[in-house]
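Note that ligands are numbered from 1 as they come in the structure, with each ligand's atoms numbered from 1 the same way. Everything numeric here is computed off the predicted structure, so don't read it as measured data.
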Amino acid sequence: MSSNSRSPSPEFSPLAFDEDLAPLPQYKTAGTTELDFSGLLGEPLKLHEDLKSGCGGQLWPAGMVLAKHMLRYHRDELQHARILELGAGGGIVGLTVARGCSRLDHPLYITDMVDMESLMQHNIALNDLGDRVRAKVLNWGEPLSQEILDFKPDTILAADCVYFEPAFPLLLQTLQDLLALVPSATIYFCFKKRRRADMQFLKAARKAFTVTEIADEDRPVFSRENLFLYTFTRK
Ligand SMILES: C[S@@+](CC[C@H](N)C(=O)[O-])C[C@H]1O[C@@H](n2cnc3c(N)ncnc32)[C@H](O)[C@@H]1O
């Protein structure tokens, strides 16, 4: 892929990370991956990956961990939940949930910045999930749209959204806004620590929310990769 074809947002590019980040995500050529999460999905999810719109165009490790966790431990309750994914990239977590639940009582929202909208739409169509999943722009730190205010999400999914320090306060603001909107909501939050500053996000989150490390049989494996999995709820 030529560098000219990339998004003009180098601050959100995996290659824009400092050198102390380890390991850097590899740039892949665009293509479609099939995921069945060790058989947890009967029919595999197809995900098109294409980095031309930004770093969310490829699968990130926390997305894989969170998607599998939701399938393995929460499939039943998710059928009745009002689900919103933040920083969805290609939509891995939300689309996995939509594929894995035998029914969903409410539409499921996958959200990201405008550059990712077409990839989210593409992946919804690729999996024929248009009747269940809506792709929307949701910029962290900005007031929630009327559509999201009316939707009142009670289950928030966020994977690998901790990687760019200037965005930390914006993400925290949106998480706070969502918990103010629905005080009983649960945020499922998975991230990979790549540098010391990432733990500053967690420190701020602990001040703002009740942060709980949640059980997962894969924890010994993903912990070794510096992946963290929590729920955030209102204090
Ligand atoms: C590292 S990617 C993770 C993508 C996906 N959740 C996964 O795990 O594969 C982070 C995502 O956050 C999105 N993002 C970054 N800053 C954002 C902001 N200010 N508002 C909304 N989304 C943002 C990026 O566009 C990107 O898709």
Side-chain angles (χ1 to χ4, degrees), residues 6-17 21 23-28 30-33 35 37 45-71 83-98 108-124 133 135-145 148 153 156-178 187-195 198 201 222 225-230:
R6 276 196 202 300
S7 143
S9 304
E11 67 273 27
F12 290 118
S13 155
L15 292 186
F17 288 136
L21 285 173
L24 282 172
Q26 299 291 310
Y27 271 144
K28 301 179 189 167
T32 302
T33 305
L35 301 166
F37 296 96
L45 185 73
K46 299 187 196 90
L47 269 188
H48 188 67
E49 296 180 77
D50 186 347
L51 281 162
K52 75 173 185 293
S53 310
C55 69
Q58 76 173 47
L59 292 175
W60 286 59
M64 298 291 289
V65 168
L66 185 57
K68 193 170 181 184
H69 176 85
M70 299 311 290
L71 271 184
I83 305 167
L84 171 80
E85 183 179 4
L86 297 173
I92 172 165
V93 188
L95 291 174
T96 299
V97 168
L108 183 156
Y109 284 82
I110 57 175
T111 71
D112 205 296
M113 298 191 293
V114 69
D115 287 355
M116 298 309 303
E117 204 178 7
S118 61
L119 184 63
M120 293 192 285
Q121 298 285 12
H122 181 86
N123 282 331
I124 291 171
V133 183
K136 295 285 166 189
V137 174
L138 191 162
N139 294 314
W140 306 335
E142 292 184 3
L144 297 171
S145 68
I148 298 301
I156 318 299
L157 308 170
D160 244 323
C161 291
V162 176
Y163 65 100
F164 181 58
E165 228 177 319
F168 292 179
L170 306 178
L171 178 58
L172 270 174
Q173 183 62 56
T174 293
L175 296 174
Q176 279 173 315
D177 291 349
L178 288 164
I187 298 165
Y188 290 90
F189 198 89
C190 189
F191 74 100
K192 182 172 167 80
K193 176 181 177 287
R194 298 185 173 85
R195 39 179 193 169
D198 294 347
F201 179 86
F222 65 69
E225 303 290 324
N226 282 328
L227 283 148
F228 295 82
L229 175 61
Y230 296 103

Inset, instruction - Out of Thr174, Leu138, Leu171, indicate the one that has the non-hydrogen atom closest to atom 21 (C) of ligand 1. - result: Leu138
Legend entry - Nearest atoms (heavy-atom pairs only) where Phe37 meets Met64: CE2-O, 3.6 Å
Inset, instruction - Using modelled atom types only, decide if a donor and an acceptor are shared between the side chain of Thr111 and the backbone of Val137 within a distance under 3.5 Å. - result: no
Inset, instruction - Using distance alone, determine whether Ala159 and ligand 1 share an N or O pair under 3.5 Å. - result: yes
Legend entry - Geometric class of the Phe201/Phe189 ring pair [parallel <30°, tilted 30-60°, perpendicular >60°]: parallel
Legend entry - Gly87 N/O under 3.5 Å from ligand 1 N/O: yes
Legend entry - ligand 1 contact by Ala167, heavy-atom criterion under 4.0 angstrom: no
Inset, instruction - Report, in ascending order of atom number, the atoms of ligand 1 lying under 4.0 Å from any heavy atom of Ile92. - result: 7 (C), 9 (O)
Legend entry - ligand 1 contact by Val93, heavy-atom criterion under 4.0 angstrom: no
Inset, instruction - Check whether any side-chain heavy atom of Glu117 sits under 4.5 Å from a side-chain heavy atom of Val114, and report yes or no. - result: yes
Legend entry - Element-labelled atoms of ligand 1 that are located less than 4.0 Å from some non-hydrogen atom of Ala88: 5 (C), 6 (N)
Legend entry - Expected output: side-chain Glu49 to main-chain Leu59 donor-acceptor under 3.5 Å: yes
Inset, instruction - Would you please determine whether Glu142 falls within less than 4.0 Å of ligand 1 on a heavy-atom basis? - result: no
Inset, instruction - Ignoring angles and geometry beyond distance, decide whether Asp160 reaches within less than 3.5 Å of ligand 1 through its nitrogen or oxygen atoms. - result: no
Inset, instruction - Check for a donor-acceptor pair, side chain of Asp112 on one end and backbone N or O of Ala88 on the other, with a separation under 3.5 Å. - result: yes
Inset, instruction - May I ask you to decide if Phe228's main-chain N or O and Lys193's side chain share a donor-acceptor pair within less than 3.5 Å? - result: no
Legend entry - Subset of ligand 1 atoms that lie under 4.0 Å from at least one heavy atom of Gln58: 9 (O)
Legend entry - Polar proximity ligand 1 side, Asn139 side, N/O cut 3.5 Å exclusive: no
Legend entry - Any donor-acceptor N/O pair, Trp60 side chain to Cys55 backbone, under 3.5 Å: yes
Legend entry - Option with minimal heavy-atom separation from atom 8 (O) of ligand 1, where the choices are Gly56, Pro61, Gly63: Gly63
Inset, instruction - Would you check if the side chain of Asn123 reaches a backbone N or O of Leu47 as a donor-acceptor pair within less than 3.5 Å? - result: no
Inset, instruction - With atom 19 (N) of ligand 1 as the reference point, say which of Phe164, Trp140, Phe191 has the nearest heavy atom. - result: Trp140
